[in-house]
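Position 1 is the first residue of the sequence; numbering continues from there. Computed over heavy atoms, backbone and side chain alike; hydrogens, waters and symmetry mates excluded.
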Amino acid sequence: MKQAVITGVNGQDGSYLAELLLGKGYEVHGIVRRTSSFSRGRIDPFYGANAGVSGKLVLHYGDMGDEKNLRKLMEKVRPDEVYNLASQSHVGISFDMPEYSTDVNALGTLRLLDAMHDYCPKSRFYQASTSELFGSADESPQTEQTRFKPNSPYAVAKLYAYWMTVNYRQTYGMYACNGILFNHESPRRGENFVTRKITQTVARIAAGLTDCLYIGNMEARRDWGYAPDYVRAMWLMLQQEKADDFVIATGELHSVRELIEKAFAYVGTKIEWEGKAAAECGIDSSTGKHVVKIDPKYYRPIDIDSVLGDASKARRELGWEPEVKFDRLVEIMMEADVQAAQSARQD
Ligand code: NAP
Ligand code: GDD
């Protein structure tokens, strides 16, 4: 039975990756943090005796800030594969917590790579790198050759982790890969990322549970894919003859405004826009209610206007293709959030 360690197993990607590996018969060792309230909703369905998966999920308390803990786990498990997904993953919040974001995202990766180097140097390593490395890029679309210009504490910390991964590969011959993943979403997406915030709030407005969506920069454009497609790419990267770095993206660009319009259209509401800049509002064309408003607190000190990926190398060398694109992604997320809002209304 193959063994894998996943840091950040309780996150969006960690949960989908665990599900994928368990389905392939892996023994998955997930690192979870101690928290004051227990929230394991994403991984509960496939944890324990009745999980109905062929593999086995083992959970370990740990933290990317605790070097000894990571070393002990690598020494004990000596896994075949390590997926480093743990991160303070919110770009906006990294401006409020630059030091913590650096400790977890940059030094945490170094701690893990070094523990692997000492205890299981033949294990294969996946680093959750990001399109944020490109920042406001010089060219579009971005490929593995595009120059990095990170412009947030999150992205600068991830740049350090990217180069450490390359460095351990080149210096010690470790099988270490960077997946440069563009934004990917799902019904399991954290509630303060823009896609999920929109689908959840629009579903709640339609169910009469709230009145208005407060939002920041609506002109931002992203290349949004579907998380289960992206964890498949992570696994593929660790099954090759040689370690390498890959861009994973859909190649489609959409704006936050477009996402809002699509989410409202799903519940039968047409949005008309009125006003400009921070005074702009979205109005429900049938009721005249103001259902979208700008709240400047969601503006970032510096934002990326647009990122668009070219995943040709992954297509060619991994045989990877995204199965879900933007329109279907919005439907999947709306279906789940509408159902959740309807259940909440009945409670
Ligand atoms: P996520 O939902 O925020 O999950 C992050 C996970 O990391 C959570 O399980 C969290 O634990 C854990 N974590 C945070 N700080 C930790 C620490 N100090 N020690 C141990 N665990 C810690 O993020 P995601 O969307 O799944 O993303 C997975 C990875 O891919 C992240 O590294 C992210 O930066 C990167 N990435 C994401 C995207 C995207 O669009 N989703 C794109 C490119 C790269 P709790 O569950 O306890 O909070
Ligand atoms: N979160 C959030 N909340 N973003 C908003 C809001 C809001 O209310 N209003 C507008 N936005 C804009 C942000 O300013 C940004 O331009 C865009 O929506 C996307 O924001 P997020 O969904 O927070 O994602 P992100 O692109 O900053 O970062 C995500 O993707 C990266 C890959 O490119 C995260 O998952 C990162 O961890 C990941 O590396």
Side-chain angles (χ1 to χ4, degrees), residues 1-33 43 55-89 103-130 157-158 160-181 230-246 248 318:
M1 187 185 254
K2 265 194 166 183
Q3 292 186 317
V5 164
I6 304 179
T7 72
V9 71
N10 195 39
Q12 171 189 254
D13 290 5
S15 67
Y16 282 115
L17 179 64
E19 207 173 350
L20 178 81
L21 299 184
L22 290 168
K24 292 181 184 295
Y26 279 61
E27 180 172 288
V28 175
H29 293 260
I31 298 183
V32 288
R33 293 193 287 179
I43 52 175
K56 180 179 166 202
L57 178 60
V58 184
L59 297 180
H60 304 263
Y61 279 107
D63 197 291
M64 298 309 290
D66 186 339
E67 181 186 340
K68 240 186 201 154
N69 166 276
L70 296 173
R71 296 182 77 79
K72 274 205 277 193
L73 187 65
M74 289 304 123
E75 187 180 11
K76 185 173 159 199
V77 180
R78 297 180 196 257
D80 300 286
E81 296 169 9
V82 176
Y83 296 86
N84 183 31
L85 310 186
S87 142
Q88 190 304 90
S89 71
D103 189 48
V104 176
N105 300 2
L107 294 180
T109 305
L110 171 63
R111 292 178 188 113
L112 186 56
L113 277 166
D114 211 54
M116 287 178 65
H117 172 250
D118 288 352
Y119 294 112
C120 49
K122 296 274 176 251
S123 302
R124 296 186 164 205
F125 179 76
Y126 173 86
Q127 168 58 18
S129 286
T130 163
K158 284 285 191 178
Y160 174 93
Y162 173 95
W163 282 118
M164 270 301 168
T165 302
V166 173
N167 190 260
Y168 271 67
R169 181 168 76 217
Q170 291 177 343
T171 311
Y172 305 116
M174 284 170 61
Y175 189 110
C177 303
N178 284 288
I180 307 172
L181 271 50
Y230 286 48
V231 301
R232 195 159 33 82
M234 295 175 190
W235 177 77
L236 283 169
M237 280 180 223
L238 296 202
Q239 314 310 312
Q240 306 304 305
E241 267 184 30
K242 204 169 128 278
D244 206 347
D245 308 318
F246 293 91
I248 300 296
L318 304 177

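- Counting non-hydrogen atoms of neighbouring residues, nucleotides and ligands closer than 6.0 angstrom, the NZ atom of K2 exceeds 12 such neighbours.
- Applying the side-chain contact (heavy atoms from CB on, under 4.5 Å) test to E241 and every residue at least two apart in sequence or in another chain returns nothing.
- Taking OH of Y83 as the start and CG of L238 as the end, the distance is 4.0 Å to the nearest 0.5 Å.
- Minimum interatomic distance between M237 and F246 (heavy atoms only, all atoms of both residues): CG-CD1, 3.6 Å.
- Judged purely by atom type and a 3.5 angstrom limit, T171 has no side-chain atom pairing as donor or acceptor with the backbone of Y168.
- Although no hydrogens or angles enter the test, the distance criterion places a donor-acceptor pair under 3.5 Å between the side chain of T7 and the main chain of L85.
- A distance of 9.0 Å separates CZ of R33 from CG of N10, quoted to the nearest 0.5 Å.
- Counting heavy atoms from C-beta on, the side chains of D13 and Y230 never come closer than 4.5 Å.
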- Message: For V231 and E19: C-alpha separation, side-chain torsions, deciding distance, then whether side chain to side chain contact (heavy atoms under 4.5 Å, CB included) applies.
- Response: CA-CA 10 Å; V231 301; E19 207 173 350; over 6 Å; no
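- N178 contributes a side-chain N or O that, together with a main-chain N or O of Y162, makes up a donor-acceptor pair within less than 3.5 Å.
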- Task: Step by step, work out the side chain to side chain contact (heavy atoms under 4.5 Å, CB included) result for M74 and L112.
- Result: CA-CA 8 Å; M74 289 304 123; L112 186 56; 3.7 Å; yes
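- Contact of the I31 side chain with the L70 side chain is registered, since non-hydrogen atoms from C-beta on lie closer than 4.5 Å.
- Proximity of K76 to H29: side-chain heavy atoms (C-beta onward) are nowhere separated by under 4.5 Å.
- Of the possible polar contacts, one joining the K158 side chain to the A128 backbone as a donor-acceptor pair under 3.5 Å is found.
- Of all the heavy atoms in M64 and G108, the pair that sits closest is CE-O, 3.3 Å.
- Between L22 atom CG and K56 atom NZ the span is 11.5 Å, to the nearest 0.5 Å.
- With rounding to the nearest 0.5 angstrom, the CD atom of Q127 is 11.5 Å from the CE atom of M164.
- Side-chain contact between V77 and V58 is absent, with no heavy atoms from C-beta onward closer than 4.5 Å.
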- Chi angles and distances behind the side chain to side chain contact (heavy atoms under 4.5 Å, CB included) call for M234, L20: CA-CA 11 Å; M234 295 175 190; L20 178 81; over 6 Å; no
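- Between the OG atom of S129 and the CG atom of N105 there is a distance of 10.5 Å, given to the nearest 0.5 Å.
- Between the side chain of R78 and the backbone N or O of C120 there is no donor-acceptor pair closer than 3.5 Å.
- Nearest heavy atoms, A4 versus Y26: CB-CD2, 3.8 Å.
- Listed by first and then second residue, the salt bridge (charged side-chain N to carboxylate O under 4.0 Å, His left out) pairs involving residues 104-125 are R71-D114, R71-D118, D103-R111 (not counting sequence neighbours).
- Residue Y16 holds its OH atom at 14.0 Å from CD1 of I43, rounded to the nearest 0.5 Å.
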- Query: side chain to side chain contact (heavy atoms under 4.5 Å, CB included) between W235 and Y126: does it pass, once the steps are laid out?
  - Reply: CA-CA 8 Å; W235 177 77; Y126 173 86; over 6 Å; no
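- The shortest heavy-atom contact between D80 and M1 is OD2-O, 4.5 Å.
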